[in-house]
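Step one of this worksheet: look at the structure below.
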Amino acid sequence: MKILVINAGSSSLKYQLIDMETEVAIAKGGCERIGLEGSFLKHNGKKQVTIESPMPNHESAIKLVLDALVDSEHGVISSMSEIDAVGHRIVHSGEDFDRSVLLTDEVIETCRNNTELAPLHQPANLTGVAACKAVLPEGTPMVGVFDTAFHSTMPEHAYIYGIPYEDYKNYKIRRYGFHGSSHRFVSEEAAKYLGKDPSELKIVTCHLGNGSSISAVDGGKSVDTSMSFTPLGGVPMGTRSGDLDPAIVEFLCKKHGFDVSECVNYLNKKSGVSGLSGVSSDFRDLGEAAEQGNHRAQLALDVFTYTCKKYVGAYAAAMGGIDCLVFTAGIGENDNYVRSQVLKGLEFMGVVADLEKNAVRVKGINDITGAGSRVKVLVIPTNEELVIARDTKEIVCKA
Ligand code: AMP
């Protein structure tokens with residue numbers, strides 16, 4: 001069985017074709033600058049190629065992807081009918097879905113009704129669905145896998161804010177959480193690695209990438225997570241502020257002459273470690289600048305690692321303990337300095353890391369647990385595409 005995984009953004013579209021016998025991506029790539037001048041497709045199949053071609057919309061982008069997949073030189077399949085199903089990453093399930101679902105017309109309409117909750121991402125995700133429906137053979141099953149769904153198990157006291165309850169009832173203002181596929185994947189991988197059933201474990205998963213979120217996973221279920229109503233909340237990120245005193249929004253509006261949406265844009269695009277350091281949103285650049293004595297780069301790293309550490313402690317308290325701490329995503333998997341700073345000082349709660357193992361990069365899971373640690377400390381590469389493909393397979397096989 002071969003499953004095409006699609007992650008459609010507003011001007012980009014990433015894809016992987018996964019062979020479910022081996023769970024290996026036999027082709028992957030992405031279209032950039034959809035709807036803009038200079039659009040191109042980077043495809044890695046039998047060969048790696050960059051194809052420059054106009055892509056006025058997502059439908060033309062999907063057509064190019066499919067052409068690349070069946071191409072005699074760099075393709076990996078001989079016809080589109082070899083694609084058994086398509087799994088789509090969809091950012092927001094609202095309160096409507098607590099798991100992945102077959103994308104019927106009715107489900108797509110429900111997803112559309114949740115656009116208000118993710119105005120930047122949901123329309124792009126749904127455009128990707130429509131484009132695939134238009135281009136793939138009729139009847140090719142499509143499945144939606146939501147970023148929020150894994151967090152639907154959070155208890156009420158973790159997702160309700162301290163504002164009038166009517167605002168939750170009327171407008172669905174609550175914590176939703178994101179990166180669900182990643183938190184789910186790495187917590188399941190951790191349980192497998194430890195030879196335990198997920199129901200026996202209390203795990204804190206740190207997905208630290210360009211967007212970062214930290215989750216408390218108790219007995220295989222998300223019970224709290226740092227991203228919030230939108231992916232702006234939680235720890236400071238590449239360009240996103242993370243949590244703030246809400247009164248700062250009015251203050252910033254007054255000082256900069258912003259209206260509220262300009263202010264939110266500022267908090268999304270000009271803030272985080274980029275705004276703090278004035279250097280970069282990329283942790284490789286921050287590390288280099290800090291080593292050369294740049295105080296603001298060092299400060300950005302300190303604010304980030306300190307905030308992550310606070311979440312780890314908070315979630316251990318929320319769960320009444322912790323058996324395993326997991327790092328994943330671009331920073332979590334690669335930045336041993338960030339990991340070492342988050343881990344430093346957590347010995348009081350039984351977390352001891354082996355700093356030599358932490359400094360080494362390995363393929364697959366890196367167990368960086370130190371001698372005498374009560375808590376396992378693991379670095380686990382995430383694979384959100386595989387979660388999407390597995391869910392798609394399961395749903396399609398059941399249907
Ligand atoms: P992601 O969103 O998971 O793809 O993570 C992307 C981010 O990971 C980049 O913006 C970098 O900040 C960070 N990153 C990637 N590779 C490294 C590395 N080798 N060392 C430190 N940070 C890295």
query = How long is the span from the CD1 atom in I388 to the CD1 atom in I6, to the nearest 0.5 Å?
reply = 10.0 Å
Note, T225 side chain near F150 side chain (heavy atom, < 4.5 Å) = no
Side chain to side chain contact (heavy atoms under 4.5 Å, CB included) partner of D147, the single match among N125, I90, V91 = V91
Give the table of side-chain donor-acceptor pairs shorter than 3.5 Å for residues 226-235, with sequence neighbours excluded, one pair per line with atom names and distance.
residue : atom : partner : partner atom : Å
S226    : OG   : I214    : N            : 2.8
S228    : OG   : Y161    : OH           : 2.3
T230    : OG1  : L232    : N            : 3.1

Pair listing, side-chain hydrogen bond (donor to acceptor under 3.5 Å, both in side chains) test, anchored in residues 311-339, at least two apart = D243-Y311, Q298-Y337, T328-E333, R339-N358
request  = Examine H151 together with F178 and report whether their ring centres are nearer than 6.0 Å.
outcome  = no
remark   = K2 and D84 have their tightest heavy-atom pair at N-OD2, 2.7 Å
query = With a 4.5 Å limit on heavy-atom distance, are the side chains of S212 and F304 in contact?
reply = yes
remark   = Closest non-hydrogen atoms of A316 and V204, given as atom of the first, atom of the second and distance, are N-CG2, 4.4 Å
ask   = Between D282 and S280, do the side chains contain an N or O donor and an N or O acceptor separated by less than 3.5 Å?
value = no
Reported CG-to-CD distance for the pair L386 and E23, which is rounded to 0.5 angstrom = 4.5 Å
query = Picking from V86, L41, V5, N7, what satisfies side chain to side chain contact (heavy atoms under 4.5 Å, CB included) with Y15?
reply = L41
key: S222 side chain to T153 backbone, donor-acceptor under 3.5 Å   = no
inquiry  = Are more than 12 heavy atoms, taken from residues, nucleotides or ligands other than K376, located less than 6.0 Å from that residue's NZ atom?
reply    = no
task = Using a 4.5 Å cut-off on heavy atoms from C-beta on, say whether the side chain of L346 contacts that of K309.
result = yes
Please tabulate, one pair per line, all N/O donor-acceptor pairs under 3.5 Å involving side-chain atoms of residues 60-70, not counting sequence neighbours.
residue : atom : partner : partner atom : Å
S60     : OG   : N57     : N            : 3.2
S60     : OG   : N57     : O            : 2.6
S60     : OG   : N57     : OD1          : 3.0

inquiry  = Minimum heavy-atom separation for I203 and A190, please, with both atom names.
reply    = CD1-CB, 4.2 Å
Please tabulate, one pair per line, all N/O donor-acceptor pairs under 3.5 Å involving side-chain atoms of residues 25-40, not counting sequence neighbours.
residue : atom : partner : partner atom : Å
R33     : NE   : E37     : O            : 2.6
R33     : NH2  : E37     : O            : 2.9
S39     : OG   : S53     : O            : 2.8
S39     : OG   : M55     : N            : 3.0

query = Does K196 NZ have over 12 foreign heavy atoms under 6.0 Å away?
reply = no
query = To which residues is Y306 joined in a hydrophobic cluster, defined by side-chain heavy-atom contacts under 4.5 Å among Ile, Leu, Val, Met, Phe, Trp and Tyr, whether direct or through other members?
reply = none
Hydrophobic cluster of V24, others only, ordered by chain and residue number, side-chain cut-off 4.5 Å = none
ask   = Which heavy-atom pair separates N366 from K357 by the least distance, and what is that distance?
value = ND2-O, 3.2 Å
ask   = Between the side chains of S274 and S281, is a donor N or O closer than 3.5 angstrom to an acceptor N or O?
value = no
task = Give a yes-or-no answer on whether the side chains of S213 and H179 include a donor-acceptor pair shorter than 3.5 Å.
result = yes
remark   = Nearest heavy-atom contact between S187 and R184 is OG-O, 3.0 Å
